[in-house]
Novice: 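This is the structure, below, for whatever I ask next.
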Protein chains: 2
Amino acid sequence: MARVYGQHCGLAQALDLVGERWALLIVRELMAGPRRYTDLAAGLVSIPSNVLAARLRELESAGLIARRRLDPPAASTVYELSARGHELEPAVTALARFGMRVLPPAAEGRPFRAHWLVLAIMARFDAAVAAELSESYEFEVPGEALVSLTVVEGRPEVRMGPAVEPAVRIVADAPTLLGMTEGSVDPAQALARGAVIEGDPSALVRLAEILPAP
Amino acid sequence: MARVYGQHCGLAQALDLVGERWALLIVRELMAGPRRYTDLAAGLVSIPSNVLAARLRELESAGLIARRRLDPPAASTVYELSARGHELEPAVTALARFGMRVLPPAAEGRPFRAHWLVLAIMARFDAAVAAELSESYEFEVPGEALVSLTVVEGRPEVRMGPAVEPAVRIVADAPTLLGMTEGSVDPAQALARGAVIEGDPSALVRLAEILPAP
DNA sequence: CCGGATCCTCGGTGATACTG
DNA sequence: CAGTATCACCGAGGATCCGG
(Lines give C-alpha, C1' and ligand atoms only; values in the text may rest on other atoms or scores of the structure.)
Protein backbone atom coordinates (compact mmCIF):
# COMPACT_ATOMS: atom_id res chain seq x y z
CA MET A 1 0.00 0.00 0.00
CA ALA A 2 2.97 2.26 -0.64
CA ARG A 3 1.12 3.40 -3.73
CA VAL A 4 0.53 6.88 -2.38
CA TYR A 5 1.32 10.20 -4.03
CA GLY A 6 2.76 11.72 -0.87
CA GLN A 7 2.36 15.26 -2.16
CA HIS A 8 1.53 18.24 -0.01
CA CYS A 9 -1.75 18.92 -1.82
CA GLY A 10 -5.34 18.47 -0.70
CA LEU A 11 -6.38 16.59 -3.81
CA ALA A 12 -3.42 14.22 -3.64
CA GLN A 13 -4.09 13.64 0.05
CA ALA A 14 -7.74 12.82 -0.65
CA LEU A 15 -6.74 10.40 -3.40
CA ASP A 16 -4.19 8.79 -1.08
CA LEU A 17 -7.15 7.89 1.14
CA VAL A 18 -9.92 7.06 -1.32
CA GLY A 19 -8.23 7.06 -4.72
CA GLU A 20 -7.80 3.33 -5.04
CA ARG A 21 -10.13 1.28 -7.11
CA TRP A 22 -13.52 0.51 -5.49
CA ALA A 23 -12.91 2.81 -2.49
CA LEU A 24 -15.35 5.57 -3.48
CA LEU A 25 -17.93 3.03 -4.61
CA ILE A 26 -17.83 1.53 -1.13
CA VAL A 27 -18.51 5.02 0.22
CA ARG A 28 -21.45 5.24 -2.20
CA GLU A 29 -22.88 2.02 -0.82
CA LEU A 30 -22.55 3.25 2.76
CA MET A 31 -24.21 6.57 1.90
CA ALA A 32 -27.43 4.55 1.75
CA GLY A 33 -26.88 3.50 5.36
CA PRO A 34 -25.04 0.78 7.32
CA ARG A 35 -24.48 -2.40 5.35
CA ARG A 36 -23.21 -5.91 5.89
CA TYR A 37 -20.28 -7.41 4.04
CA THR A 38 -22.51 -9.49 1.81
CA ASP A 39 -24.78 -6.55 1.00
CA LEU A 40 -21.74 -4.49 0.04
CA ALA A 41 -20.54 -7.24 -2.26
CA ALA A 42 -23.98 -7.38 -3.90
CA GLY A 43 -24.23 -3.60 -4.28
CA LEU A 44 -20.78 -3.34 -5.81
CA VAL A 45 -21.85 -6.00 -8.31
CA SER A 46 -18.51 -7.37 -9.45
CA ILE A 47 -15.96 -6.66 -6.75
CA PRO A 48 -13.63 -9.55 -5.91
CA SER A 49 -14.12 -10.69 -2.35
CA ASN A 50 -10.50 -10.24 -1.37
CA VAL A 51 -10.45 -6.70 -2.72
CA LEU A 52 -13.57 -5.79 -0.75
CA ALA A 53 -12.01 -7.15 2.43
CA ALA A 54 -8.78 -5.23 1.78
CA ARG A 55 -10.56 -1.94 1.04
CA LEU A 56 -12.73 -2.21 4.13
CA ARG A 57 -9.62 -2.70 6.22
CA GLU A 58 -7.91 0.31 4.63
CA LEU A 59 -10.93 2.58 4.92
CA GLU A 60 -11.37 1.57 8.55
CA SER A 61 -7.75 2.25 9.46
CA ALA A 62 -8.05 5.60 7.64
CA GLY A 63 -10.93 6.42 9.98
CA LEU A 64 -13.49 6.80 7.20
CA ILE A 65 -15.69 3.82 8.06
CA ALA A 66 -16.39 1.82 11.21
CA ARG A 67 -17.37 -1.78 11.89
CA ARG A 68 -20.10 -2.40 14.38
CA ARG A 69 -21.57 -5.59 15.74
CA LEU A 70 -25.34 -5.47 15.88
CA ASP A 71 -26.96 -6.36 19.17
CA PRO A 72 -28.42 -9.86 19.44
CA PRO A 73 -30.61 -11.36 18.18
CA ALA A 74 -29.50 -9.86 14.84
CA ALA A 75 -25.88 -10.78 15.58
CA SER A 76 -24.02 -9.68 12.50
CA THR A 77 -21.44 -7.02 11.66
CA VAL A 78 -22.25 -3.93 9.68
CA TYR A 79 -20.06 -1.23 8.18
CA GLU A 80 -21.01 2.43 8.30
CA LEU A 81 -19.51 5.82 7.50
CA SER A 82 -17.74 7.59 10.34
CA ALA A 83 -18.13 11.35 10.86
CA ARG A 84 -15.04 11.85 8.71
CA GLY A 85 -16.42 9.48 6.11
CA HIS A 86 -19.58 11.55 5.85
CA GLU A 87 -17.38 14.54 4.99
CA LEU A 88 -16.71 12.79 1.68
CA GLU A 89 -20.33 13.20 0.62
CA PRO A 90 -19.94 16.61 -1.08
CA ALA A 91 -17.07 15.24 -3.16
CA VAL A 92 -18.94 12.05 -4.02
CA THR A 93 -22.08 13.94 -5.06
CA ALA A 94 -19.98 16.37 -7.15
CA LEU A 95 -18.36 13.44 -8.96
CA ALA A 96 -21.74 11.80 -9.44
CA ARG A 97 -23.19 15.03 -10.84
CA PHE A 98 -20.40 15.10 -13.40
CA GLY A 99 -20.86 11.45 -14.24
CA MET A 100 -24.63 11.79 -14.66
CA ARG A 101 -24.04 14.34 -17.41
CA VAL A 102 -22.08 11.85 -19.48
CA LEU A 103 -23.95 8.71 -18.43
CA PRO A 104 -25.39 6.87 -21.44
CA PRO A 105 -29.19 6.86 -21.03
CA ALA A 106 -29.76 3.29 -22.12
CA ALA A 107 -28.96 0.47 -19.73
CA GLU A 108 -27.77 -2.27 -22.02
CA GLY A 109 -26.49 -4.90 -19.68
CA ARG A 110 -25.23 -2.19 -17.34
CA PRO A 111 -26.22 -3.30 -13.85
CA PHE A 112 -28.00 -0.96 -11.45
CA ARG A 113 -29.27 -1.12 -7.89
CA ALA A 114 -32.34 0.60 -6.51
CA HIS A 115 -30.50 2.08 -3.54
CA TRP A 116 -28.23 4.06 -5.87
CA LEU A 117 -31.25 6.32 -5.98
CA VAL A 118 -29.98 7.88 -2.75
CA LEU A 119 -26.85 9.22 -4.42
CA ALA A 120 -28.70 10.18 -7.59
CA ILE A 121 -31.12 12.33 -5.61
CA MET A 122 -28.36 13.91 -3.54
CA ALA A 123 -26.42 14.70 -6.69
CA ARG A 124 -29.35 16.37 -8.44
CA PHE A 125 -30.55 18.37 -5.46
CA ASP A 126 -30.18 22.10 -6.05
CA ALA A 127 -29.83 23.97 -2.77
CA ALA A 128 -30.21 27.36 -4.45
CA VAL A 129 -33.65 26.45 -5.82
CA ALA A 130 -34.79 24.77 -2.62
CA ALA A 131 -34.10 27.97 -0.65
CA GLU A 132 -36.60 28.04 2.25
CA LEU A 133 -38.61 25.00 1.22
CA SER A 134 -39.71 22.43 3.79
CA GLU A 135 -41.36 19.34 2.30
CA SER A 136 -40.78 15.62 2.01
CA TYR A 137 -41.06 13.12 -0.81
CA GLU A 138 -41.01 9.35 -1.04
CA PHE A 139 -39.71 7.02 -3.73
CA GLU A 140 -40.33 3.31 -3.83
CA VAL A 141 -39.15 0.38 -5.89
CA PRO A 142 -41.51 -2.33 -4.62
CA GLY A 143 -39.63 -5.00 -2.74
CA GLU A 144 -36.25 -3.40 -3.35
CA ALA A 145 -35.94 0.09 -1.94
CA LEU A 146 -37.89 2.82 -0.20
CA VAL A 147 -36.14 6.20 -0.27
CA SER A 148 -37.21 9.48 1.28
CA LEU A 149 -36.11 13.02 0.53
CA THR A 150 -36.84 15.38 3.39
CA VAL A 151 -36.14 19.07 2.85
CA VAL A 152 -36.08 21.23 5.97
CA GLU A 153 -35.65 24.95 5.31
CA GLY A 154 -33.76 24.19 2.13
CA ARG A 155 -31.45 21.54 3.61
CA PRO A 156 -31.90 18.06 2.13
CA GLU A 157 -31.73 14.71 3.85
CA VAL A 158 -31.90 11.58 1.74
CA ARG A 159 -32.39 8.27 3.55
CA MET A 160 -33.50 4.73 3.00
CA GLY A 161 -36.88 4.36 4.65
CA PRO A 162 -40.30 6.01 4.58
CA ALA A 163 -40.92 9.75 4.70
CA VAL A 164 -43.23 11.32 7.26
CA GLU A 165 -46.28 12.73 5.49
CA PRO A 166 -44.72 12.88 2.02
CA ALA A 167 -46.21 15.52 -0.28
CA VAL A 168 -45.52 13.23 -3.23
CA ARG A 169 -45.06 9.47 -3.49
CA ILE A 170 -43.61 7.88 -6.60
CA VAL A 171 -43.69 4.12 -7.07
CA ALA A 172 -41.93 2.59 -10.06
CA ASP A 173 -39.42 -0.04 -11.04
CA ALA A 174 -35.73 0.71 -10.62
CA PRO A 175 -34.85 1.73 -14.20
CA THR A 176 -37.84 4.05 -14.41
CA LEU A 177 -37.16 5.69 -11.05
CA LEU A 178 -33.44 6.02 -11.74
CA GLY A 179 -34.26 7.42 -15.16
CA MET A 180 -36.52 10.02 -13.57
CA THR A 181 -33.81 11.16 -11.19
CA GLU A 182 -31.34 11.28 -14.07
CA GLY A 183 -33.69 13.38 -16.18
CA SER A 184 -33.97 10.87 -19.01
CA VAL A 185 -37.54 9.86 -18.07
CA ASP A 186 -40.23 12.49 -17.49
CA PRO A 187 -43.39 11.87 -15.42
CA ALA A 188 -45.53 11.18 -18.49
CA GLN A 189 -43.14 8.50 -19.73
CA ALA A 190 -42.93 7.10 -16.21
CA LEU A 191 -46.72 6.72 -16.03
CA ALA A 192 -46.65 4.95 -19.38
CA ARG A 193 -44.12 2.52 -17.88
CA GLY A 194 -46.41 1.66 -15.03
CA ALA A 195 -45.30 4.17 -12.41
CA VAL A 196 -47.74 5.38 -9.77
CA ILE A 197 -47.48 9.05 -8.79
CA GLU A 198 -49.69 10.23 -5.96
CA GLY A 199 -49.94 13.35 -3.85
CA ASP A 200 -50.06 17.09 -4.35
CA PRO A 201 -49.61 17.98 -8.06
CA SER A 202 -48.05 21.34 -7.16
CA ALA A 203 -45.54 19.54 -4.92
CA LEU A 204 -44.60 17.38 -7.92
CA VAL A 205 -43.74 20.58 -9.76
CA ARG A 206 -41.61 21.75 -6.84
CA LEU A 207 -39.89 18.35 -6.73
CA ALA A 208 -38.96 18.68 -10.38
CA GLU A 209 -37.56 22.15 -9.70
CA ILE A 210 -35.33 21.20 -6.78
CA LEU A 211 -34.00 18.23 -8.78
CA PRO A 212 -33.01 19.95 -12.04
CA ALA A 213 -31.14 18.21 -14.83
CA PRO A 214 -27.50 17.69 -13.87
CA MET B 1 -8.33 -0.41 -20.32
CA ALA B 2 -11.22 -2.82 -19.79
CA ARG B 3 -10.89 -1.99 -16.10
CA VAL B 4 -14.18 -0.10 -16.01
CA TYR B 5 -17.03 -0.58 -13.59
CA GLY B 6 -19.71 -0.43 -16.28
CA GLN B 7 -22.44 0.36 -13.79
CA HIS B 8 -25.43 2.57 -14.50
CA CYS B 9 -24.47 5.08 -11.82
CA GLY B 10 -23.15 8.62 -12.07
CA LEU B 11 -20.29 8.04 -9.66
CA ALA B 12 -19.19 4.83 -11.36
CA GLN B 13 -19.36 6.57 -14.72
CA ALA B 14 -17.20 9.45 -13.46
CA LEU B 15 -14.66 7.01 -12.07
CA ASP B 16 -14.65 5.11 -15.35
CA LEU B 17 -13.40 8.35 -16.93
CA VAL B 18 -11.09 9.80 -14.28
CA GLY B 19 -10.79 7.09 -11.65
CA GLU B 20 -7.48 5.69 -12.77
CA ARG B 21 -4.32 6.59 -10.99
CA TRP B 22 -2.88 10.05 -11.86
CA ALA B 23 -5.92 11.10 -13.92
CA LEU B 24 -7.36 13.64 -11.48
CA LEU B 25 -3.90 14.98 -10.66
CA ILE B 26 -3.45 15.72 -14.37
CA VAL B 27 -6.73 17.65 -14.22
CA ARG B 28 -5.33 19.53 -11.20
CA GLU B 29 -2.28 20.53 -13.21
CA LEU B 30 -4.40 21.78 -16.09
CA MET B 31 -6.64 23.79 -13.77
CA ALA B 32 -3.69 26.16 -13.51
CA GLY B 33 -3.83 26.67 -17.28
CA PRO B 34 -2.48 25.03 -20.44
CA ARG B 35 0.72 23.08 -19.90
CA ARG B 36 3.35 21.28 -21.90
CA TYR B 37 4.18 17.61 -21.51
CA THR B 38 7.38 18.33 -19.64
CA ASP B 39 5.70 20.81 -17.31
CA LEU B 40 3.04 18.22 -16.51
CA ALA B 41 5.71 15.68 -15.69
CA ALA B 42 7.40 18.19 -13.39
CA GLY B 43 4.15 19.20 -11.67
CA LEU B 44 3.15 15.60 -11.06
CA VAL B 45 6.55 15.06 -9.46
CA SER B 46 6.95 11.30 -9.74
CA ILE B 47 4.75 10.10 -12.60
CA PRO B 48 6.38 7.59 -14.96
CA SER B 49 6.65 9.01 -18.43
CA ASN B 50 4.80 6.16 -20.11
CA VAL B 51 1.92 6.49 -17.66
CA LEU B 52 1.65 10.22 -18.32
CA ALA B 53 1.54 9.58 -22.05
CA ALA B 54 -1.12 6.88 -21.61
CA ARG B 55 -3.32 9.04 -19.35
CA LEU B 56 -3.11 12.02 -21.69
CA ARG B 57 -4.22 9.78 -24.54
CA GLU B 58 -7.14 8.42 -22.51
CA LEU B 59 -8.25 11.80 -21.20
CA GLU B 60 -8.09 13.22 -24.71
CA SER B 61 -10.16 10.41 -26.22
CA ALA B 62 -12.64 10.87 -23.37
CA GLY B 63 -13.01 14.48 -24.48
CA LEU B 64 -11.79 15.94 -21.19
CA ILE B 65 -8.57 17.52 -22.43
CA ALA B 66 -7.30 18.77 -25.78
CA ARG B 67 -3.89 19.03 -27.37
CA ARG B 68 -3.04 22.23 -29.14
CA ARG B 69 0.02 23.29 -31.09
CA LEU B 70 1.15 26.78 -30.22
CA ASP B 71 1.69 29.16 -33.10
CA PRO B 72 5.28 29.81 -34.13
CA PRO B 73 7.69 30.99 -32.94
CA ALA B 74 6.79 29.15 -29.70
CA ALA B 75 6.25 25.93 -31.62
CA SER B 76 5.36 23.43 -28.95
CA THR B 77 2.33 21.40 -27.97
CA VAL B 78 0.26 22.16 -24.90
CA TYR B 79 -2.55 20.31 -23.17
CA GLU B 80 -5.58 22.10 -21.79
CA LEU B 81 -8.96 21.27 -20.28
CA SER B 82 -11.88 21.06 -22.68
CA ALA B 83 -15.27 22.49 -21.77
CA ARG B 84 -16.24 19.09 -20.42
CA GLY B 85 -12.98 18.85 -18.54
CA HIS B 86 -13.72 22.15 -16.81
CA GLU B 87 -16.95 20.56 -15.56
CA LEU B 88 -14.75 18.40 -13.34
CA GLU B 89 -13.63 21.42 -11.32
CA PRO B 90 -16.42 21.29 -8.71
CA ALA B 91 -15.63 17.64 -8.03
CA VAL B 92 -11.89 18.27 -7.87
CA THR B 93 -12.30 21.22 -5.50
CA ALA B 94 -14.67 19.19 -3.30
CA LEU B 95 -12.12 16.38 -3.07
CA ALA B 96 -9.36 18.89 -2.35
CA ARG B 97 -11.45 20.50 0.39
CA PHE B 98 -11.82 17.10 2.03
CA GLY B 99 -8.14 16.34 1.65
CA MET B 100 -7.06 19.70 3.08
CA ARG B 101 -8.88 18.84 6.31
CA VAL B 102 -6.76 15.75 6.84
CA LEU B 103 -3.56 17.05 5.28
CA PRO B 104 -0.63 16.89 7.73
CA PRO B 105 0.57 20.48 8.29
CA ALA B 106 4.26 19.76 8.20
CA ALA B 107 5.95 19.17 4.87
CA GLU B 108 8.65 16.68 5.70
CA GLY B 109 9.98 15.61 2.38
CA ARG B 110 6.50 15.95 0.87
CA PRO B 111 6.95 17.77 -2.41
CA PHE B 112 4.83 20.78 -3.33
CA ARG B 113 4.51 23.14 -6.27
CA ALA B 114 3.63 26.81 -6.14
CA HIS B 115 0.93 26.52 -8.82
CA TRP B 116 -1.05 24.11 -6.60
CA LEU B 117 -2.06 27.38 -4.94
CA VAL B 118 -4.71 27.72 -7.65
CA LEU B 119 -6.57 24.61 -6.49
CA ALA B 120 -6.02 25.43 -2.82
CA ILE B 121 -7.65 28.85 -3.26
CA MET B 122 -10.54 27.44 -5.30
CA ALA B 123 -11.12 24.78 -2.66
CA ARG B 124 -11.19 27.24 0.23
CA PHE B 125 -13.36 29.84 -1.48
CA ASP B 126 -16.74 30.17 0.22
CA ALA B 127 -19.37 31.46 -2.19
CA ALA B 128 -21.91 32.03 0.57
CA VAL B 129 -19.59 34.46 2.38
CA ALA B 130 -18.47 36.20 -0.81
CA ALA B 131 -22.09 37.03 -1.67
CA GLU B 132 -22.06 40.30 -3.65
CA LEU B 133 -18.36 41.04 -3.23
CA SER B 134 -16.29 42.31 -6.15
CA GLU B 135 -12.57 42.56 -5.45
CA SER B 136 -9.30 41.03 -6.59
CA TYR B 137 -6.23 39.71 -4.80
CA GLU B 138 -2.75 38.69 -5.90
CA PHE B 139 -0.42 36.00 -4.58
CA GLU B 140 3.18 35.64 -5.60
CA VAL B 141 5.95 33.16 -5.06
CA PRO B 142 8.91 35.09 -6.52
CA GLY B 143 10.23 33.38 -9.61
CA GLU B 144 7.79 30.50 -9.37
CA ALA B 145 4.17 31.54 -9.55
CA LEU B 146 1.90 34.56 -9.69
CA VAL B 147 -1.73 33.76 -8.92
CA SER B 148 -4.75 36.05 -8.92
CA LEU B 149 -8.15 35.64 -7.33
CA THR B 150 -10.75 37.86 -8.91
CA VAL B 151 -14.20 37.94 -7.35
CA VAL B 152 -16.96 39.46 -9.47
CA GLU B 153 -20.32 39.75 -7.70
CA GLY B 154 -19.47 36.77 -5.56
CA ARG B 155 -18.20 34.56 -8.37
CA PRO B 156 -14.53 33.59 -8.12
CA GLU B 157 -11.96 33.25 -10.85
CA VAL B 158 -8.55 31.90 -9.98
CA ARG B 159 -5.81 32.17 -12.61
CA MET B 160 -2.09 32.14 -13.05
CA GLY B 161 -1.05 35.70 -13.81
CA PRO B 162 -1.38 39.17 -12.30
CA ALA B 163 -4.59 40.67 -10.98
CA VAL B 164 -5.87 44.04 -12.17
CA GLU B 165 -5.68 46.54 -9.32
CA PRO B 166 -5.49 43.96 -6.51
CA ALA B 167 -6.82 45.14 -3.16
CA VAL B 168 -4.24 42.94 -1.46
CA ARG B 169 -0.92 41.54 -2.61
CA ILE B 170 0.82 38.77 -0.71
CA VAL B 171 4.38 37.77 -1.56
CA ALA B 172 5.92 34.78 0.18
CA ASP B 173 7.71 31.51 -0.47
CA ALA B 174 5.69 28.49 -1.53
CA PRO B 175 5.36 26.70 1.84
CA THR B 176 4.30 29.90 3.58
CA LEU B 177 1.75 30.84 0.93
CA LEU B 178 0.37 27.28 0.70
CA GLY B 179 0.22 27.19 4.50
CA MET B 180 -1.77 30.43 4.51
CA THR B 181 -4.30 29.06 2.05
CA GLU B 182 -4.52 25.87 4.10
CA GLY B 183 -5.14 27.74 7.31
CA SER B 184 -2.06 26.43 9.07
CA VAL B 185 -0.18 29.75 8.78
CA ASP B 186 -1.82 33.02 9.82
CA PRO B 187 -0.70 36.47 8.55
CA ALA B 188 1.41 37.16 11.65
CA GLN B 189 3.35 33.93 11.24
CA ALA B 190 3.68 34.62 7.54
CA LEU B 191 5.25 38.04 8.21
CA ALA B 192 7.65 36.36 10.63
CA ARG B 193 8.66 34.02 7.82
CA GLY B 194 9.50 36.89 5.50
CA ALA B 195 6.20 37.38 3.73
CA VAL B 196 5.25 40.79 2.34
CA ILE B 197 1.59 41.78 2.64
CA GLU B 198 0.56 45.05 1.04
CA GLY B 199 -2.71 46.76 0.26
CA ASP B 200 -5.95 47.62 2.04
CA PRO B 201 -6.00 46.12 5.58
CA SER B 202 -9.79 45.83 5.51
CA ALA B 203 -9.52 43.89 2.24
CA LEU B 204 -7.15 41.47 3.97
CA VAL B 205 -9.90 40.82 6.51
CA ARG B 206 -12.40 40.20 3.72
CA LEU B 207 -9.91 37.86 2.02
CA ALA B 208 -9.61 35.81 5.22
CA GLU B 209 -13.40 35.63 5.42
CA ILE B 210 -14.02 34.40 1.88
CA LEU B 211 -11.27 31.78 2.35
CA PRO B 212 -12.37 30.17 5.65
CA ALA B 213 -10.69 27.12 7.12
CA PRO B 214 -11.65 24.02 5.16
C1' DC C 1 -25.57 -18.42 5.11
C1' DC C 2 -22.17 -14.95 6.61
C1' DG C 3 -17.48 -13.13 6.52
C1' DG C 4 -13.93 -13.57 4.90
C1' DA C 5 -8.92 -16.17 3.55
C1' DT C 6 -6.18 -18.43 -0.09
C1' DC C 7 -4.30 -19.42 -4.60
C1' DC C 8 -3.32 -18.27 -9.18
C1' DT C 9 -3.24 -15.51 -13.37
C1' DC C 10 -2.95 -11.28 -15.86
C1' DG C 11 -2.29 -6.59 -16.80
C1' DG C 12 -1.39 -1.96 -15.15
C1' DT C 13 2.09 0.59 -12.73
C1' DG C 14 6.69 2.14 -11.65
C1' DA C 15 11.38 2.93 -12.95
C1' DT C 16 14.58 3.73 -16.30
C1' DA C 17 16.65 4.01 -20.75
C1' DC C 18 16.32 5.49 -25.25
C1' DT C 19 14.91 8.15 -29.61
C1' DG C 20 12.92 11.49 -33.36
C1' DC D 1 11.02 18.60 -25.88
C1' DA D 2 7.77 14.91 -26.36
C1' DG D 3 7.22 11.12 -26.08
C1' DT D 4 8.29 5.39 -26.99
C1' DA D 5 10.49 0.89 -25.38
C1' DT D 6 11.63 -2.48 -22.09
C1' DC D 7 11.09 -5.06 -17.93
C1' DA D 8 10.20 -6.29 -12.93
C1' DC D 9 6.60 -6.29 -9.84
C1' DC D 10 2.50 -5.88 -7.34
C1' DG D 11 -2.37 -5.27 -7.05
C1' DA D 12 -6.79 -6.45 -9.37
C1' DG D 13 -9.73 -10.23 -11.06
C1' DG D 14 -11.62 -14.68 -10.66
C1' DA D 15 -12.42 -18.93 -8.45
C1' DT D 16 -12.49 -21.87 -4.62
C1' DC D 17 -12.34 -23.08 0.16
C1' DC D 18 -12.98 -22.59 5.19
C1' DG D 19 -14.45 -21.49 10.12
C1' DG D 20 -18.42 -19.84 12.83
Novice: For the pair T93(A) (side chain) and E89(A) (backbone), establish whether a donor and an acceptor sit closer than 3.5 Å, ignoring hydrogens and angles.
Specialist: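 Yes, the answer is positive, given that a donor and an acceptor are paired below the 3.5 Å cut-off.
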
Novice: Tell me yes or no: between the side chains of R36(A) and S76(A), is some donor less than 3.5 Å from an acceptor?
Specialist: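 The answer is no; no qualifying pair exists.
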
Novice: Got a sec, which residues hit salt bridge (Lys or Arg N to Asp or Glu O under 4.0 Å) with E138(B), two or more places apart in sequence or on another chain?
Specialist: R169(B)

Novice: For dC1(D), does OP1 or OP2 lie under 4.0 Å from any side-chain N or O of Y79(B)?
Specialist: no

Novice: Would you kindly give the CD1-to-C1' distance between I65(B) and dA2(D), to the nearest whole Å?
Specialist: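 Roughly 14 Å, once rounded to whole Å.
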
Novice: For Q13(B) and R101(A), does a side-chain donor sit closer than 3.5 Å to a side-chain acceptor?
Specialist: no

Novice: Using the C1' atoms of the five pairs at each end, what is the angle between the end axes of the helix from dC1(C)-dG20(D) to dG20(C)-dC1(D), to 10°?
Specialist: 30°

Novice: Hey, can you pull the residues of residues 26-40 of chain B with a non-hydrogen atom under 4.0 angstrom from DNA chain C?
Specialist: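 None - not one residue of the stretch has a heavy atom sitting under 4.0 Å from the strand.
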
Novice: Side chains of H115(B) and E144(B): donor-acceptor distance under 3.5 Å anywhere?
Specialist: no

Novice: Who are the ring pair (Phe, Tyr, Trp, His ring centres under 6.0 Å) partners of W22(B), not counting sequence neighbours?
Specialist: Y5(A)

Novice: Measure across G63(B) and R84(B) and return the closest heavy-atom pair with its distance rounded to 0.1 Å.
Specialist: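 That closest heavy-atom pairing would be O-CB, 3.8 Å.
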
Novice: Do nucleotides 13-20 of chain C as a string where each nucleotide becomes B, S or -: B if the base has a protein heavy atom under 4.0 Å, S if just the sugar-phosphate does, - if no protein is that close.
Specialist: SBB-----

Novice: Closest approach of A123(B) and M100(B), non-hydrogen atoms and distance?
Specialist: CB-SD, 3.8 Å

Novice: Within the 4.5 Å heavy-atom criterion, are I121(B) and F139(B) side-chain neighbours or not?
Specialist: yes

Novice: OP1 or OP2 of dC1(D) versus the side-chain N and O atoms of S76(B): is any pair under 4.0 Å?
Specialist: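 No, S76(B) has no side-chain N/O under 4.0 Å of OP1/OP2 on dC1(D).
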
Novice: Round to a whole Å and report the spacing from CG of L52(B) to P of dG12(C).
Specialist: 17 Å

Novice: Between W116(A) and Q7(B), is there a side-chain donor-acceptor contact under 3.5 Å, judged purely by atom types and distance?
Specialist: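 Distance-only check fails for Q7(B) and W116(A).
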
Novice: Using the ring-ring contact (aromatic ring centres under 6.0 Å, His included) rule, collect all pairs that involve residues 31-56 of chain B, keeping only residues at least two apart or in two chains.
Specialist: none

Novice: In whole angstrom, what separates L44(A)'s CG from dG4(C)'s C1'?
Specialist: 15 Å

Novice: Taking any heavy-atom pair under 4.0 Å as a contact, classify R57(B): base, sugar-phosphate, or nothing.
Specialist: sugar-phosphate

